[in-house]
**Student:** 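Quick one: the structure is below, and I'll ask about it shortly.
Residue numbers start at 1 and run along the sequence shown. Note that these values count all heavy atoms, side chains included, but never hydrogens, waters or copies made by symmetry. First listed ligand is number 1; within each ligand, the first listed atom is number 1. Quick caveat: nothing in here was measured; it's all calculated off a predicted structure.
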Amino acid sequence: MKNILGISVLNVVSTVPQIIISTTVSSTVTTANTGHNVEDRGDLNFDVFKDDPRNYVLNPKAVGAATKKVSKAVEQAVRDNKLTVTLGGDHSISIGTIHGHARAEPNLCLLWIDAHADINTPLTTPSGNIHGTPLSFLVNQLKDTIPWAALPSFDWLQPCLNITDIAFVGLRDLDPGERYILQKFNITSFSIHEVDRFGIHEVIARSLEAVNPKGDRPIHMSFDIDSVDPAATGATGTPVPGGLTFREGMFIAEHVYRTGLLSALDLVEVNPEVGSRQDKVNTVMTAVEVLTACLGKKREGNLLPGYQLP
Ligand SMILES: N/C(=N\O)NCCC[NH3+]
Ligand SMILES: [Mn+2]
Ligand SMILES: [Mn+2]
Ligand SMILES: [Mn+2]
């Protein structure tokens, strides 16, 4: 397992710092005695400004510049052989994290844990919010759906994923254009219906079987906190009822850690600006627990580093 690196990223759309989690994560991971040395590479600061009126998507200049910065930071961290954790901020940052990770690890596979597919194209997105479209910028088969000439702030970006590299878990709120894309390309996806039908272990096992059958590919896990039910994650921008239970979210994290192949992790859509005080406490707690489980903290308890039992 790689060492751990913490990069905390400011939310691109708002200026709400996510420092609260990165500091908590660093101290929690260390105190959880998971034997990792956590390096916090600090916040990436962005110019957040209103772009020209809507041009296919909202704020393309600000988001294009920010995700370029994220890509460079993640690429460097992965090249430094660190398990790279990026704290969002909304899911648009994954344009940068996945691009940067793929530059260093072209053979990566992707687990997208989310209530949403985030694979609208600039032509199908109802809102124009880029956090509902990141995957369309990254997938080779959707390359021609992006009006690249109209989006010069993304001229640095090359699609780096094949649709067969992706597995979705937790889906329960898709736009028609996204449903069309998932069906047309037969992309591996397990909605909450399949989680209820097969159980979370079977779902995450089938997801890994689909994208990493030989168990030889680095894993990028992009964990949108709204994949977990709003009862535990009320401080997020687009909550959707009937989500993963806290325990199912933790199971995914523990299971992926045990592959030993986790190479980069995003945790996104935690927004301390929305929800009640209790929502904020619950959401950050859920984020920290999921993150530390991804990094080796076990609900069954951890041995102190260096202890080996027969
Ligand atoms: N949390 C969100 N994506 O994962 N928000 C955007 C959804 C738009 N369909
Ligand atoms: Mn998302
Ligand atoms: Mn979401
Ligand atoms: Mn958002």
**Student:** Taking the Mn ion (ligand 3) as the reference point, name the nearest N/O/S atom of H116.
**Tutor:** ND1

**Student:** Would you check if the distance from the ring center of H91 to the ring center of W112 is below 6.0 Å?
**Tutor:** yes

**Student:** Indicate, as side chain, backbone, both or neither, the part of N129 found under 4.0 angstrom from ligand 1 when only non-hydrogen atoms are considered.
**Tutor:** neither

**Student:** Can you name the atoms of ligand 1, numbered from 1 with element, that are less than 4.0 Å from a heavy atom of D175?
**Tutor:** 9 (N)

**Student:** Report yes if some N/O of T238 lies less than 3.5 Å from some N/O of ligand 1; otherwise report no.
**Tutor:** yes

**Student:** Any N/O of D226 closer than 3.5 Å to an N/O of ligand 1?
**Tutor:** yes

**Student:** If you count every heavy atom of other residues, nucleotides or ligands that lies below 6.0 Å from Q308 atom CD, does the total exceed 12?
**Tutor:** no

**Student:** Going by an N to O cut-off under 4.0 Å, is there a salt bridge joining K69 and E75?
**Tutor:**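 Salt bridge absent between K69 and E75.
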
**Student:** In D114, what N, O or S atom is nearest to the Mn ion (ligand 3), if we give its atom name?
**Tutor:**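 Answer by atom name: OD1.
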
**Student:** Do you know which of R247, K298, R299, K297 makes salt bridge (Lys or Arg N to Asp or Glu O under 4.0 Å) with E254?
**Tutor:**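 Checked R247, K298, R299, K297 against E254; only one passes salt bridge (Lys or Arg N to Asp or Glu O under 4.0 Å): R299.
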
**Student:** Measuring to the Mn ion (ligand 3), does D226 have an N/O/S atom at a distance below 2.8 Å?
**Tutor:**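 Given the 2.8 Å cut-off, D226 counts as a ligand of the Mn ion (ligand 3).
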
**Student:** Quick check: E178 and ligand 1, any N/O pair under 3.5 Å apart?
**Tutor:**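 Between E178 and ligand 1 (N or O atoms, distance only) the closest approach is not under 3.5 Å.
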
**Student:** Which N, O or S atom name in D224 marks its closest approach to the Mn ion (ligand 3)?
**Tutor:**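 Minimum-distance N/O/S atom of D224 relative to the Mn ion (ligand 3) is OD2.
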
**Student:** In this structure, are over 12 heavy atoms from other groups packed under 6.0 Å from K72 atom NZ?
**Tutor:** no

**Student:** Under 2.8 Å from the Mn ion (ligand 3) - does any N, O or S atom of D118 fall there?
**Tutor:**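 False for D118.
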
**Student:** Counting C-beta onward and ignoring hydrogens, is there a side-chain heavy-atom pair between I113 and D224 closer than 4.5 Å?
**Tutor:** no

**Student:** As a test of reading the structure, name the N/O/S atom of H91 that is nearest the Mn ion (ligand 2).
**Tutor:**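 Minimum-distance N/O/S atom of H91 relative to the Mn ion (ligand 2) is ND1.
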
**Student:** Taking the ring centre of each residue, are F154 and F137 less than 6.0 Å apart?
**Tutor:**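 Under 6.0 Å, so yes.
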
**Student:** I'd like to check which ligand 1 atoms, numbered from 1 as shown, lie under 4.0 Å from a non-hydrogen atom of D114.
**Tutor:** 4 (O)

**Student:** Would you call the rings of F198 and F190 parallel, tilted or perpendicular, where under 30° means parallel and over 60° means perpendicular?
**Tutor:**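 Ring orientation, 0 to 90° scale: perpendicular.
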
